[in-house]
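Encoded as structure tokens, the structure appears first; notes follow it.
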Amino acid sequence: MNIEIENESSSSFSQRVFSEIRPVDVGVILSVPVVLSVVYLLPSTVSQSLVFDYAYPSLWTAFASSFVHLDLNHLLVNLTMYLLIVPVVYLLSVMSNSRRLFYSSFLTLLFAFPFVLSYLNLAAFRPAVGFGFSGIVMAFVGLLPVFLARFLQTAFGIGPERDIAPMFFFIGMALSS
């Protein structure tokens, strides 16, 4: 009988999760891999014109370079990391009633963060170029502790989130070293 109760509670949890997922959200999340793949398929001369050249920076390439990949392995690594991290962050946001925060973070990372990353690279001038989605993916990784802490506080009363989110961040940094 105990097993039936566990199955019922896990079933109701998964039903709640799936009932909260909106098709438009899934579409928005999956639009990023589509855009990255389309940009990768552009002719190489076009792709190379979109990289952020530190010697000749432009506003357009500061943004566009984050979506450019010049080799398939680089694209696949970034897509894999994105598809592992962002759906988890999204589900945690849904389960903690933080969908609005997810969307504001998601849009900020996609539309403002490329400029920040590009221009941070200018702080230490070197004759190089910058491109790829890795910095944005790492920013999504940085969101994971925030949404995990929000979920734990909402679902189990563990918190406050402002105290446990940094702990998760530093544990993650230690484990990744």
Side-chain angles (χ1 to χ4, degrees), residues 10-42 50 52 59-69 74-121 130-173 175-176:
S10 65
S11 175
S12 66
F13 178 78
S14 62
Q15 286 174 342
R16 178 172 172 236
V17 169
F18 286 113
S19 71
E20 293 287 330
I21 295 173
R22 298 180 188 157
V24 69
D25 296 344
V26 174
V28 167
I29 290 167
L30 292 178
S31 70
V32 172
V34 170
V35 168
L36 293 174
S37 299
V38 167
V39 171
Y40 175 75
L41 294 173
L42 292 172
L50 297 175
F52 188 67
L59 201 55
W60 171 242
T61 59
F63 174 76
S65 62
S66 290
F67 302 92
V68 174
H69 295 86
H74 186 204
L75 173 65
L76 292 175
V77 167
N78 282 314
L79 287 176
T80 301
M81 290 302 296
Y82 175 86
L83 291 170
L84 287 173
I85 298 299
V86 173
V88 172
V89 172
Y90 168 73
L91 288 173
L92 289 169
S93 78
V94 167
M95 298 312 295
S96 62
N97 300 317
S98 302
R99 193 184 314 257
R100 179 176 276 171
L101 178 61
F102 171 81
Y103 265 109
S104 62
S105 302
F106 184 84
L107 294 173
T108 299
L109 293 182
L110 290 179
F111 294 106
F113 210 58
F115 296 107
V116 173
L117 289 171
S118 292
Y119 285 103
L120 280 174
N121 280 314
F131 59 92
F133 204 66
S134 304
I136 295 173
V137 168
M138 289 297 105
F140 279 114
V141 170
L143 283 178
L144 192 57
V146 173
F147 284 97
L148 179 58
R150 280 183 159 251
F151 170 71
L152 290 174
Q153 184 170 347
T154 303
F156 303 107
I158 298 171
E161 74 180 74
R162 71 177 183 277
D163 291 344
I164 61 173
M167 177 188 68
F168 287 139
F169 174 78
F170 289 117
I171 289 170
M173 291 293 291
L175 293 173
S176 67

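Since the model is a prediction, treat every value here as computed from it, not as a measurement. FYI, side chains are in, hydrogens and waters are out, and symmetry mates aren't considered; it's all heavy atoms of this structure.
- A distance of 6.0 Å or more separates the ring centres of Phe147 and Tyr90.
- Atom-to-atom distance recorded for Glu161:CD and Met167:CE is 12.5 Å, nearest 0.5 angstrom.
- Summarising the geometry of Leu109 relative to Ala139, their closest heavy-atom pair is CD2-CB, 3.6 Å, with the distance given to 0.1 Å.
- Annotation for Ala165 and Pro145: closest pair O-CB, 3.5 Å, computed over non-hydrogen atoms.
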Could you check Phe131 against Phe52 for ring-ring contact (aromatic ring centres under 6.0 Å, His included), going step by step and ending with a plain yes or no? CA-CA 6 Å; Phe131 59 92; Phe52 188 67; over 10 Å; no

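- By the 30° and 60° cut-offs, the orientation of the rings of His74 relative to His69 is perpendicular.
- The minimum heavy-atom distance between Ser66 and Leu36, with the atom names listed, is O-CD2, 4.5 Å.
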Start with the C-alpha gap between Phe111 and Phe115, add the side-chain angles, then the distance that decides, and say whether ring-ring contact (aromatic ring centres under 6.0 Å, His included) holds. CA-CA 8 Å; Phe111 294 106; Phe115 296 107; 9.6 Å; no

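- A distance of 12.0 Å separates CH2 in Trp60 from OG in Ser118, rounded to the nearest 0.5 Å.
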Show your reasoning for whether side chain to side chain contact (heavy atoms under 4.5 Å, CB included) applies to Phe140 and Ile136. CA-CA 6 Å; Phe140 279 114; Ile136 295 173; 3.7 Å; yes

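- Taking the six-membered ring where tryptophan is involved, the planes of Tyr103 and Phe106 are perpendicular, since the angle between them exceeds 60° and thus also 30°.
- The residue from Leu92, Val86, Ile85 that alone fulfils the side chain to side chain contact (heavy atoms under 4.5 Å, CB included) condition with Val88 is Leu92.
- In this model, no donor atom of one side chain and acceptor atom of the other lie less than 3.5 Å apart for Ser93 and Arg99.
- In this structure, Leu117 CG and Ser65 OG are separated by 8.5 Å, a value rounded to the nearest 0.5 Å.
- The side-chain heavy atoms of Thr108 and Phe113, taken from C-beta on, include no pair separated by under 4.5 Å.
- Interatomic distance, CG of Leu91 versus CG of Asp25, reported as 10.0 Å (0.5 Å rounding).
- Summarising the geometry, atom CE belonging to Met138 is positioned 11.0 Å from atom CZ belonging to Phe133; distances are rounded to the nearest 0.5 Å.
- Under a cut-off of 6.0 angstrom, the local environment of CZ in Phe168 is crowded, with over 12 non-hydrogen atoms contributed by other residues, nucleotides or ligands.
- With rounding to the nearest 0.5 Å, the separation of CZ in Phe67 from CG in Leu75 is 13.0 Å.
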Worked verdict on Leu79 versus Ser37 for side chain to side chain contact (heavy atoms under 4.5 Å, CB included): CA-CA 9 Å; Leu79 287 176; Ser37 299; 4.1 Å; yes

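- Here the closest heavy-atom approach between residue Ile29 and residue Tyr82 is recorded as O-OH, 2.7 Å.
- Contact annotation: the side chain of Leu101 approaches that of Arg150 to within less than 4.5 Å [non-hydrogen atoms, C-beta and beyond].
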Test side chain to side chain contact (heavy atoms under 4.5 Å, CB included) applied to Leu50 and Leu42, step by step: CA-CA 11 Å; Leu50 297 175; Leu42 292 172; 4.2 Å; yes

